[in-house]
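Values below: all heavy atoms of this structure, side chains included; hydrogens, waters and symmetry mates excluded. A, B, ... follow the sequence lines: proteins, then strands. Residue 1 opens every chain.
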Amino acid sequence: MKTKVFENAAAALFDLRDGISVMSGGFGLCGIPENSIQEIRRQGIRNIHAISNNIGNSGRGLAWLLKQKQICSATCSYVGGNPDLEQQMLAGEIDVTLVPQGTFSERIRAAGMGIRGFYTPAGYGTLVAEGKEAREFDLPCILELPLVADFAIIKAEKGDPFGNLWFKETARNFSPLMAMAGKITVVEVEQLVELGEIEPENVHLPGVFVQRIYQGVDYENVIEIPVLAED
Amino acid sequence: MKTKVFENAAAALFDLRDGISVMSGGFGLCGIPENSIQEIRRQGIRNIHAISNNIGNSGRGLAWLLKQKQICSATCSYVGGNPDLEQQMLAGEIDVTLVPQGTFSERIRAAGMGIRGFYTPAGYGTLVAEGKEAREFDLPCILELPLVADFAIIKAEKGDPFGNLWFKETARNFSPLMAMAGKITVVEVEQLVELGEIEPENVHLPGVFVQRIYQGVDYENVIEIPVLAED
Amino acid sequence: MSDQPNPWTNLEMVDEVIAMLADGSSLNLGIGIPTLVAQRIPASKNVWIHSENGVLGVSGRPTRETVSPTLINAGKETISVKPGASYFDSATSFGMIRGGHIDVCILGGMQVDTEGSLANWMIPGKKVTGMGGAMDLVHGAKKIIVMLTHFAKSGEVKLLHRCTLPLTGKNVVHRIITDYGIFSPMGETFRVEKLAPGVTRDLLGPEAGMWT
Amino acid sequence: MSDQPNPWTNLEMVDEVIAMLADGSSLNLGIGIPTLVAQRIPASKNVWIHSENGVLGVSGRPTRETVSPTLINAGKETISVKPGASYFDSATSFGMIRGGHIDVCILGGMQVDTEGSLANWMIPGKKVTGMGGAMDLVHGAKKIIVMLTHFAKSGEVKLLHRCTLPLTGKNVVHRIITDYGIFSPMGETFRVEKLAPGVTRDLLGPEAGMWT
C-alpha cells in the first residue's frame with residue numbers, strides 16, 4: 001500500500017533541486033520546520049525562491065540557508081530582526097518582494113483553494129499597488145494573485161499517516177495555508193500519531209493536502225523574545 | 001458587563017423586521033438553527049431574503065417560513081427535495097437565485113473575510129456566467145462578489161459566552177462561514193459551556209464573529225434520508 | 001459471448017471505474033450510480049472518499065446504534081467514517097476540489113460532448129432542482145469521470161458532438177463510462193477506449209464519424 | 001498646572017486611548033507604545049486582544065513555568081491567554097481585521113495627515129524592515145487609532161497636511177493621539193478633540209490653519 005510516511009527529512013526531501021520555490025511555515029521562529037530546513041542546508045541546493053513570512057529570524061530558520069547563499073529570491077512581509085537577510089538585500093545579492101501580511105496569507109490560501117485572484121483594500125494607494133489593477137468596490141481595492149510553490153515545508157505538533165495535522169497554540173500561523181498551496185507538501189511533526197488519534201472535528205488540516213510526513217527530531221523550539229510576568 | 005448571552009430565541013431575535021436578509025446554516029436538515037427559524041415563524045415577519053443552501057428540506061427548516069409565505073427571495077444552490085419551494089417557484093411567488101455550491105460558500109466566506117471579489121472557474125461557460133465579468137487565468141474564470149446578510153442564524157453543538165463555537169461532524173457545513181458574513185450573528189447551541197471549555201486550538205469559530213448566543217431547546221434533529229448498514 | 005451486444009450493468013460500469021482508480025487516491029462521488037463505487041471498492045485500494053458537505057474519509061453505512069443526524073453525505077444520506085476522517089466547513093471542502101487536491105471526481109450526467117462539456121443539472125421547461133455542487137466539482141479534480149447510460153429512455157444518444165442542454169461545465173470531462181463502453185472526449189470526436197462485450201462502433205450512435 | 005505646556009507621558013497617552021474603548025470590545029495592538037494598552041487596561045473592560053499571528057484573547061505575560069515557545073504575539077514576544085481565547089491560521093486572522101470584526105486597531109506611526117493617511121513602514125534610503133501586517137491592519141477595523149509623539153527628534157511635526165513618507169494606507173485613520181493632544185483627520189484639517197495640559201493650538205505645528 002502506498003504510504004506518505006518517510007523515515008526522516010533526508011528521505012522525505014529526496015527530490016529537491018536547484019531553482020525550486022519553497023514555502024516555509026512559521027512566524028518568526030514559532031512553528032518553523034527545523035528538520036526540513038536543516039536538510040536543505042545539508043543538501044546545499046541553490047537558487048531557492050523562498051516564500052516565508054520572515055525568511056528566518058535571529059540567524060536561525062531560513063537564515064541558515066541565507067548564510068550559505070542558497071536563497072536567490074524571497075517573498076515575505078517582514079525582514080526586521082533578520083540581519084542575514086538585510087545584509088544580502090543591501091548587497092543586492094537577493095531579490096526581496098515585500099507583501100502585506102494579510103495579502104500574503106490570503107494569496108497562499110487562494111493558491112491552495114483554487115481561487116485565481118481576489119480584490120483586497122490592503123495596499124491601495126501605496127507602493128504595493130504599483131502595477132496592479134485597481135477597482136472600486138465599497139473601498140478601492142487591488143487585484144492580488146495566488147502564491148504557489150514547488151514545495152511547502154511545514155511543522156505540526158501532531159500528524160497521522162494520512163497527513164491530518166494538529167497545530168499547537170500560535171504555531172499554526174501560515175502552515176496549514178502553505179500546506180494547501182505547495183505542489184509537494186512535506187510535513188514534520190513533534191508526534192506522529194495513529195490514524196484516528198486526532199479527533200475528526202479537530203483536524204486543523206485534512207491529510208489530502210499533504211504528500212509526505214515524517215517524525216522530526218532534536219527540536220530546539222527557540223524563544224526569540226522571552227518576556228515574563230516577573231520581568 | 002456587556003453580555004452576548006440571551007435567554008432564548010425570542011430574546012435574541014428582538015429586532016427582526018420585514019424585508020431583512022437572513023442567512024441560515026445547515027445542509028439539508030443537518031445543522032439547521034431550529035429554534036431561531038421557529039421564532040421567525042412565530043414573529044411572522046415578511047419579505048425575508050433567505051440565503052441558505054437548501055431553503056429548507058422535506059417541509060422542515062426554512063420550509064416552515066415558506067409555508068407561511070414569509071420568504072420573498074432565496075439564494076441557494078439546490079432546491080430539490082423541497083416541494084414547498086418548488087411550488088412557490090413555479091407559481092412565481094418567490095424569486096430564486098441559484099448559485100453553484102462552492103461559489104456560494106466562497107462568496108459567504110469572502111463577505112466575512114473582507115474580500116471584495118474573487119475569480120473562480122466554476123460556472124464559466126454556463127448560465128451562471130451570464131452578465132458576469134470573465135477573465136482568463138490558467139482557466140477561464142468569472143468574477144464573483146461577496147454575499148452578506150443582515151442576520152445570520154446558526155446552530156452549533158457547543159458555544160461559550162464569548163461566542164466561541166464547536167460543531168459536530170458534518171453539521172459544520174456553511175455555519176461558521178455565515179457566522180462571519182452576518183452583520184448580526186445569532187447562535188443557538190446544544191450546549192452552552194463555560195469560557196475555556198472549548199480548547200483554544202479546537203475552536204471552530206472564534207467568538208469575535210458572534211453577536212448573540214443562546215441555549216436552544218427541544219431539538220428534533222431529524223434524519224432526512226436514513227440509510228443503515230443492515231438495509 | 002456471441003455477436004449479440006451485451007451492455008454492462010451498473011455494477012459492471014462501477015467495476016470498470018474502480019479499475020481506473022489508483023491506490024490511496026481521493027475521490028468525490030456524485031449522486032446516483034457513482035455512489036455505488038463506495039460500496040464496491042476493495043479496502044486494499046485505501047481510497048479516501050470526499051463528500052462536499054464537509055467530510056473526507058466516508059466509509060460504509062452506519063448501524064442503528066451508530067447512526068447520527070449530523071453525519072451525512074452530500075446526498076443527505078446517513079454515513080459512517082473511517083479512522084483518519086476529518087470534518088471541515090464548505091469553503092474548505094470546495095477548496096479541496098477547486099484547488100486540485102481531489103484526484104478523481106465521478107459524476108452522473110444527462111449529456112456529454114466531444115469537447116468534454118457536461119450537462120447534468122437542468123432540462124429547460126422541466127422542474128429545476130439547482131446545480132448544487134456540480135458546477136464546482138467539474139473544475140479542479142485531477143480527473144473528471146462521467147458515468148451515464150449510453151442512451152436515454154427516449155432512445156436518444158447522450159454522447160453528442162455538442163450538448164443541447166444547459167451546461168454544467170465546458171471542457172471539463174476526462175473520461176466517460178456508459179453501459180456501452182469507455183470513451184475520451186478528443187475535441188471533435190470521442191476516442192473509444194473500450195467497448196462492452198458484443199458492442200460494435202456502429203451501435204454507439206447515429207454519427208459514425210464521431211467515434212475514433 | 002501653569003501656562004507651561006505639559007505634554008502627556010506615554011502612559012497618559014495610553015490612558016487617553018483606554019478611555020475611548022468600550023466594554024467588551026476587540027482590539028488589535030501594534031508594536032511599540034500601543035502594546036502598553038494591554039498592560040494598563042482594567043479587567044472590568046473585558047476587552048479581547050487580537051494578535052495577527054493568530055490569537056484572540058491575549059492576556060498578560062507568562063511565568064517562567066507557563067512560558068511556551070509556540071505562544072507569542074505579533075511582536076514575537078511570549079504571551080499568555082485568558083479563558084475563551086482561540087488560535088487560528090493567518091488567513092482567518094487577517095480576515096477578522098479585513099472583514100471588520102475587530103473594533104479598534106491601535107497602531108504606531110511615523111507620519112499621519114489631514115486625509116487620514118498613515119505612513120509607518122518605510123523611510124526611503126534607510127533600512128527596510130517590511131510592512132508586516134500594517135497595510136492590512138489599517139483597512140477593516142471599525143476604528144483606527146494612531147499613537148505617536150507629536151514631534152520627531154529632529155523637531156519636525158509628524159501631523160501633516162500630506163504625508164511625505166511612503167504610505168501604509170490612504171484615508172484610513174479615525175483618531176490620532178500624540179503627547180500634545182487628540183486629533184481627528186477631517187480632509188484638509190485636523191479637528192482638535194482634546195489638548196494635553198497647557199498645550200495651546202499655536203504649539204501644534206507651523207501651519208496654523210491646519211487645526212480646527
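Looking at C:S68, the atoms closer than 4.5 Å to chain B (heavy atoms on both sides) sit in the backbone and in the side chain alike. C:N73 touches chain B through its backbone: at least one of N, CA, C or O sits under 4.5 Å from a heavy atom, while the side chain does not. Heavy-atom distances place no part of B:V96 under 4.5 Å from chain C, backbone and side chain included. At a 4.5 Å heavy-atom cutoff, C:V81 makes no contact with chain B through either its backbone or its side chain. For a residue to count as touching a neighbouring chain, one of its non-hydrogen atoms must lie under 4.5 Å from one of that chain's; by this rule C:K127 touches chain B with the side chain only. For B:P176, the part sitting under 4.5 Å from any heavy atom of chain C is the side chain, from C-beta outward, and nothing else. For C:A119, no part lies under 4.5 angstrom from a heavy atom of chain B. Residue B:N57 touches chain C through its side chain alone, counting heavy-atom pairs closer than 4.5 Å. Proximity to chain C is absent for every atom of B:N53, based on heavy atoms less than 4.5 angstrom apart. For C:S93, no part sits under 4.5 Å from any heavy atom of chain B, backbone or side chain. Only the side chain of C:P166 comes within contact range of chain B, with at least one heavy atom under 4.5 Å from a heavy atom of that chain. Contacts between C:F94 and chain B at a heavy-atom distance below 4.5 Å involve the side chain alone, from C-beta outward.
Using a cutoff of 4.0 Å between basic side-chain nitrogens and carboxylate oxygens, B:R60 and B:E34 are not scored as salt-bridged. Contact check on B:R41 versus B:E39 returns no salt bridge, with no Lys/Arg side-chain nitrogen under 4.0 Å from an Asp/Glu carboxylate oxygen.
Between C:H150 and C:F183, a ring centre-to-centre spacing shorter than 6.0 Å is recorded. The six-membered or imidazole ring of C:Y87 lies away from that of B:F167, with a centre-to-centre distance of 6.0 Å or more.
Counting heavy atoms of neighbouring residues, nucleotides and ligands inside a 6.0 Å radius, atom CG of B:D218 does not exceed 12 of them.
Between the side chains of B:N202 and B:K158, no donor-acceptor pair is found at a separation under 3.5 Å. With hydrogens and angles left out, the side-chain atoms of C:T149 and C:Y180 include no donor and acceptor closer than 3.5 Å.
Annotation: maximal heavy-atom pairing with chain B below 4.5 Å, among C:I72, C:V67, C:V128, C:T66, occurs at C:I72.
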